[in-house]
Structures are given as C-alpha cells and as structure tokens.
Amino acid sequence: MLSRNPCSPSVADTLSRYVRVLRHRPDGFVEFLFSVGDPDLGVELILRTAAFGEFCAENQVQFVSPAEAEVIDINAWKWRFGQPGITE
C-alpha cells in the first residue's frame, strides 16, 4: 500500500500558518515572513497593509512574537555559521 503524500492539499490545509512581521514601510506596505507548518522556514512576502490583513484572516495565521522570533534567529545563526560555543 502506498503511503499518503504528506504535502497533499488536504494535509497542508490542516497545518498551522505563521506570520512574522519584518517591518511596516512608510509607503503602506508590510514586509513579512509566511510559514506553513514550521515557523523556522518561511518565504518573504510584501503586501499593502489592507491586503496583508486580508491575507492573515484568510490563512488564519498565528503571529510570531518577538521572543519567538529571537529563538528562531538564534537557531538560524547556529545552523548557518556553526559558531563554536553556541549551545542554546
């Protein structure tokens, strides 16, 4: 029996979606990271403020807090640079 594809739309639809706001630009755009299933891996997007609100509502996102973002950044630095002495 074949196993079910974990990336099928029915499975992807049940995964949590995350938004990490990077900045609100003065020209009315919001730069943000959007993740599905894992807030550590996302794509950078940009939308006008109104469209951003609609996007977040449609996707029922969870916002990444500054404290959560800091943990994500520390883990990314360890992975990217392999700094000796970084253990947490």
Side-chain angles (χ1 to χ4, degrees):
M1 181 174 182
L2 294 175
S3 64
R4 186 169 189 189
N5 180 351
C7 294
S8 69
S10 59
V11 172
D13 287 343
T14 64
L15 296 175
S16 297
R17 292 168 175 90
Y18 303 92
V19 161
R20 177 179 177 185
V21 176
L22 301 175
R23 83 176 172 134
H24 291 270
R25 295 179 8 173
D27 61 358
F29 285 90
V30 179
E31 294 178 9
F32 63 100
L33 292 174
F34 176 67
S35 306
V36 176
D38 182 357
D40 291 341
L41 180 64
V43 295
E44 192 169 337
L45 301 173
I46 182 171
L47 290 171
R48 291 202 177 272
T49 302
F52 172 72
E54 292 172 17
F55 177 88
C56 292
E58 178 70 27
N59 285 285
Q60 300 176 347
V61 303
Q62 297 176 40
F63 288 93
V64 176
S65 72
E68 293 167 327
E70 185 176 358
V71 170
I72 291 169
D73 288 344
I74 289 170
N75 287 331
W77 294 331
K78 288 192 301 187
W79 183 83
R80 286 183 190 141
F81 304 114
Q83 292 293 323
I86 298 178
T87 59
E88 294 182 332

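Numbering of residues begins at 1 and proceeds along the displayed sequence.
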Would you kindly confirm whether Leu15 and Val19 end up in one hydrophobic cluster when ILVMFWY residues are joined by side chain heavy atoms under 4.5 Å apart?
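Result: yes, single cluster for both.
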To the nearest 0.5 Å, tell me how far [X] [atom1] sits from [Y] [atom2].
{"X": "Arg17", "Y": "Glu58", "atom1": "CZ", "atom2": "CD", "result": "9.0 Å"}
{"X": "Thr49", "Y": "Asp27", "atom1": "OG1", "atom2": "CG", "result": "8.5 Å"}
{"X": "Leu22", "Y": "Leu33", "atom1": "CG", "atom2": "CG", "result": "4.5 Å"}

So, using salt bridge (charged side-chain N to carboxylate O under 4.0 Å, His left out) as the criterion, who are the partners of Glu31 when residues are at least two apart?
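Scan of Glu31 (salt bridge (charged side-chain N to carboxylate O under 4.0 Å, His left out), adjacent residues dropped) gives Arg23, Arg25.
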Qualifying residues under salt bridge (charged side-chain N to carboxylate O under 4.0 Å, His left out), relative to Asp73, sequence neighbours excluded:
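Asp73: salt bridge (charged side-chain N to carboxylate O under 4.0 Å, His left out) contacts with Arg20.
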Can you label the angle between the Phe32 ring and the Phe55 ring as parallel, tilted or perpendicular, going by 30° and 60°?
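Ring orientation of Phe32 relative to Phe55: tilted.
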In the structure I gave you, are the side-chain heavy atoms of Asp40 and Ile72 within less than 4.5 Å of one another anywhere?
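Side-chain contact under 4.5 Å: yes.
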Among Leu45, Val21, Ile46, which residue satisfies the side chain to side chain contact (heavy atoms under 4.5 Å, CB included) criterion with Phe52?
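For Phe52, the side chain to side chain contact (heavy atoms under 4.5 Å, CB included) check succeeds only for Val21.
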What is the minimum heavy-atom distance between [X] and [Y], and which atoms define it?
{"X": "Gly42", "Y": "Ser35", "result": "CA-OG, 3.4 Å"}
{"X": "Val64", "Y": "Ala69", "result": "CG1-N, 3.6 Å"}
{"X": "Glu68", "Y": "Phe63", "result": "OE1-O, 3.8 Å"}

Gln62 atom CD: more than 12 heavy-atom contacts under 6.0 Å:
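It does: Gln62 CD has more than 12 such atoms within range.
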Got a donor-acceptor contact below 3.5 angstrom from the Ser16 side chain to the Gly37 backbone?
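No, the answer is negative, given that no donor and acceptor are paired below the 3.5 Å cut-off.
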Considering residues at least two apart in sequence or located in another chain, which fulfil the ring-ring contact (aromatic ring centres under 6.0 Å, His included) criterion with Tyr18?
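Scan of Tyr18 (ring-ring contact (aromatic ring centres under 6.0 Å, His included), adjacent residues dropped) gives none.
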